[in-house]
Amino acid sequence: MRLSTYFVPTLKENPADATMASHRLMVRAGMIRPLAAGIYSWLPIGWRVMKKVMEIIREEMDAIGAQEFQLPALNPVEIWEQTGRVESFGDTLFHLKNRPFVLAPTHEEIFTTIAKDHIKSYRDLPQIWYQIQTKFRNEPRPRSGVIRGRQFFMKDSYTFDRDFTELDKSYGAHREAYKKIYSRSGIKFFIVGAYSGAMGGTGSQEFMVESPDGEDTCAVCDNCDYAANLEVATSAAKPVGRTDGSKKPEELHTPNIKTIDQLAQFLHISTERLAKSLVYKDDTTPVLVLMSGNDQLNEAKLTTALGKTAFAMSPEELSKYTGANAGSIGPIGLKDFRIIADKRLENANELISGANKDDYHITHIDFSRDVKIDGYYDLRSIEAGEPCPSCGKDLRVVNAIEIGHIFKLGTKYSVSLNANYLDENGTEKPIVMGSYGIGVERIIACHIEQNHDDNGIIWDNSISPFMVHVTSVNMDSNEVVATADKLYEEFNAAGIPALYDDRHGVSPGFKFKDADLLGMPVQVIIGERNLKQGNVELKFRKSGERKVVGIGAAVEEVKRFLKS
RNA sequence: CGGGGCGUGGCUCAGCCCGGUUAGAGCGCUUGGUUUGGGACCAAGAGGUCGUAGGUUCGAAUCCUACCGCCCCGACCA
């Protein structure tokens, strides 16, 4: 493409509202333009990158036998009501005003409906179906450029199997395909065990890119391959356990003590044996959650433990239900509560907790003697520096951007939409499903996050919009123009996509800055200085290395570089 | 949805606190000329309902109210 006519509106200055490097650079390089919050237009050079990423995805999906579909984004709301997801998506689901339709935020319902209509026999299984399609989600707060948008491209695939063993195979195939997709896209990533959330299902993993701007938090071990989203991460933190002492519970006056730290200071002991009480309520039952000391409750883990979402009680509810205010609540003498505790507190004794009477605590509590605990669950958020559950080395806690998520859905959607098949014995069974997503924009944004410098983007060959950037330094020199034209044609003829800066009246410095900003892997610079000796200059974007070569050798040199 | 910030030519911003001719700068754009290896220079131009609506005032970009939009933090995030 000739830059003189190609629409690439580059910007010298940073857009005021972009904070992340990828966002800034995508706007500056003329890849995208904002239309509204979380909604972007893709300009020609950005769309070229998008298409290359999509092509990598297609190749790897096709390689595991997946078949590409294209489903409607407009869906009758009725289908979404059948799976209960109008409610579970809530305000995130876009509803049309003048028809009972929604804009699809994902496609489990529609793919399952097709499966229900046409998959009737075990002979029809397995199937792997996918699409690359625009998704719509009314995000309460779009952010970080294209990373969290209200409209975005997702590769979503769905597997249909006869049982869970077969599902494991389909799931495994996706996991491997995803690794290839991200590796080929030039992204450093890691895989974490994840929380299935409202998707339901029996297991899931996320593909993550470490980034201080990430919205997720993960625990990772640099020694072994343990990595997990904090929503499910565990550590080998020691249980509180039992200690000497067989005293009976005793009330203790603790005036104006509200926090665990104050209590520890007041009693001159460590925080570990202080059983912190947190009070939640789900739709029916009040729940008392006991944690050791200052361990932080992870609400995602709480949801998993309870099987439903619970909300923290307001201060007014607290005193109504417990008779005390926050800071003085405990498990002893509490009526009508479901009481659960973190695993670290399992069977612990010599604990101190609130007395459900303001300014009083109870000492010498033995959980196996004095309290009826309805269950011990892993409820705490792990912290950096705790020992890895698999190898014991220190865990790191990092922020990360989710670029893919794979789910073993099981039969949640097939049951609610009656997608059944007949097995060899003529028994009707629900199809066992998996669903797998990739955020296409996020691949691009994360690639730029990981591959840029102060001057601009540094594309990997695999997704670079062009392979070579030909710069004609001086358009007023006939020799320079003739040589640049000729090289540009030669690159085209050799099947090497080239961007040719043939703009008139643009100073050399301006062209060089644009070339670095746009970030093609190789630049071929044609100027009078080198041309006198019959040479042109190659500049390799990533290394910054420059090399002067004869005009006739330029194409071969570039070819060799691109192959290496 | 809670907290904070912002809205002034295409872009980045000043002016607003303390109201007062014709609303500014840099970049970009147009024309002419000079330049040509790291975001050139000179000259002459074009381009703005100061987010919208109401209010206060003799007078509003500036003060007040409401609304809209955008960004950041939090909540939320299959």
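Residue numbers start from 1 in every chain, and the chains themselves are labelled A, B, ... in the order their sequence lines are given, proteins ahead of strands.
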Among U12(B), G39(B), G37(B), find the nucleotide with the atom closest to the side chain of Pro15(A). U12(B)
Taking NZ, NE, NH1 and NH2 as the nitrogens, is one of them in Lys135(A) or Asp156(A) under 4.0 Å from a carboxylate oxygen of the other? yes
Rounded distance in Å between the P positions of C27(B) and C73(B): 33 Å
Determine the interatomic distance between C1' on A46(B) and the same-named atom on G4(B); round to the nearest Å. 39 Å
Between the side chains of Glu109(A) and Asn75(A), is a donor N or O closer than 3.5 angstrom to an acceptor N or O? no
Contacts of type salt bridge (Lys or Arg N to Asp or Glu O under 4.0 Å), residue Lys116(A), not counting sequence neighbours: none
For G38(B), give the paired nucleotide (Watson-Crick: N1-N3 plus N6-O4 or O6-N4; G-U: N1-O2 and O6-N3; both under 3.5 Å), or none. none
Run the salt bridge (Lys or Arg N to Asp or Glu O under 4.0 Å) test against Lys276(A) and tell me which residues pass, sequence neighbours left out. none
Starting at atom CD of Glu402(A), determine the distance to atom C1' of C77(B), rounded to an integer number of angstrom. 9 Å
Judged by nearest nucleotide, the residue sitting upstream toward the 5' end of RNA chain B, Arg148(A) or Asn14(A), is Asn14(A)
With side chain to side chain donor-acceptor pair (under 3.5 Å) as the rule and sequence neighbours excluded, what pairs involving residues 10-20 of chain A come up? Thr10(A)-Asp514(A)
Please determine whether the number of non-hydrogen atoms from other residues, nucleotides or ligands lying under 6.0 Å from atom CD of Glu68(A) exceeds 12. yes
Starting from P on G38(B), measure out to CD on Glu528(A) and report it in whole angstrom. 13 Å
Can you tell me how far P of G37(B) sits from NZ of Lys547(A), to the nearest Å? 25 Å
Starting from P on U35(B), measure out to NE2 on His504(A) and report it in whole angstrom. 16 Å
Mate of C1(B) where both pairing distances stay under 3.5 Å, Watson-Crick or G-U: G74(B)
I'd like a table of atom pairs between the protein and nucleotides 71-75 of chain B - only N or O on both sides, under 3.5 Å - with the distance next to each one.
from, atom 1, to, atom 2, distance (Å)
C73(B), OP2, Arg141(A), NH2, 2.1
G74(B), N7, Arg141(A), NH1, 3.4

Can you tell me how far C1' in G24(B) sits from the matching atom in A14(B), rounded to whole Å? 7 Å
Where do N or O atoms of nucleotides 23-27 of chain B meet protein N or O atoms at under 3.5 Å, pair by pair?
from, atom 1, to, atom 2, distance (Å)
G26(B), N2, Glu13(A), OE1, 3.1

Rounding to the closest angstrom, what is the interatomic distance between U52(B) and G38(B) at atom P? 44 Å
Return the value, rounded to whole Å, for the distance between atom CG of Asn399(A) and atom C1' of C77(B). 15 Å
Taking only residues two or more places apart in sequence, or in another chain, which ones meet Tyr171(A) in a ring pair (Phe, Tyr, Trp, His ring centres under 6.0 Å)? none
Any-strand Watson-Crick or G-U partner of U56(B), both distances under 3.5 Å: none
Distance, P atom - from G7(B) to C41(B), rounded to whole angstrom: 29 Å
What side-chain donor-acceptor pairs closer than 3.5 Å can you find for residues 478-485 of chain A, not counting sequence neighbours?
from, atom 1, to, atom 2, distance (Å)
Thr483(A), OG1, Glu479(A), O, 2.7
Asp485(A), OD1, Tyr500(A), OH, 2.8

Partner of G48(B) under the Watson-Crick or G-U wobble criteria, both distances under 3.5 Å, comes out as none
What's the CZ-C1' distance between Phe7(A) and G10(B), to the nearest Å? 11 Å
To the nearest Å, how far apart are Leu230(A) CG and C77(B) C1'? 16 Å
Which base sits across from A14(B) as a Watson-Crick or G-U pair, both distances under 3.5 Å? none
Work out how far the P atom of C70(B) is from that of C29(B), and round it to whole angstrom. 29 Å
Please state how far atom CG in Asn474(A) lies from atom C1' in U35(B), giving the value in whole angstrom units. 10 Å
Salt bridge (Lys or Arg N to Asp or Glu O under 4.0 Å) involving Asp91(A) - partner list, sequence neighbours excluded: none
Do the ring planes of Phe94(A) and Phe136(A) sit parallel (below 30°), tilted (30 to 60°) or perpendicular (above 60°)? perpendicular
Filter on side chain to side chain donor-acceptor pair (under 3.5 Å), then keep only pairs touching residues 537-553 of chain A, sequence neighbours left out; what's left? Asp453(A)-Arg541(A), Asp516(A)-Lys539(A), Glu537(A)-Arg546(A), Lys547(A)-Glu557(A)
With sequence neighbours left out, write down each residue that passes ring pair (Phe, Tyr, Trp, His ring centres under 6.0 Å) with Phe466(A), or none if nothing qualifies. Tyr6(A)
Taking atom C1' in both G28(B) and G10(B), what distance in whole Å separates the two? 7 Å
Specify the residue among Leu35(A) and Lys511(A) whose closest nucleotide of RNA chain B lies further upstream toward the 5′ end. Lys511(A)
Watson-Crick or G-U wobble mate for C6(B), both contacts under 3.5 Å: G69(B)
Are side-chain N/O atoms of His174(A) and Ser157(A) paired as donor and acceptor at under 3.5 Å? yes
Could you give the distance separating C58(B) and G3(B) at their P atoms, to the nearest angstrom? 36 Å
Considering every strand and a 4.0 Å limit on heavy-atom distances, what is the contact class for Arg150(A): base, sugar-phosphate, or nothing? nothing
For A43(B), the nucleotide meeting Watson-Crick or G-U wobble distances (both under 3.5 Å) is U31(B)
Using a heavy-atom cut-off of under 4.0 Å over every strand shown, decide if Asp516(A) touches base, sugar-phosphate, or nothing. base
Residue matched to A23(B) through Watson-Crick or wobble contacts both under 3.5 angstrom: none
Mind running a 4.0 Å heavy-atom check of residues 530-546 of chain A against RNA chain B and sending the residues that fall below it, in number order? Asn530(A), Glu537(A), Lys539(A), Arg546(A)
Under the salt bridge (Lys or Arg N to Asp or Glu O under 4.0 Å) test, residues paired with Arg396(A) that sit two or more places apart: Glu210(A), Asp222(A)
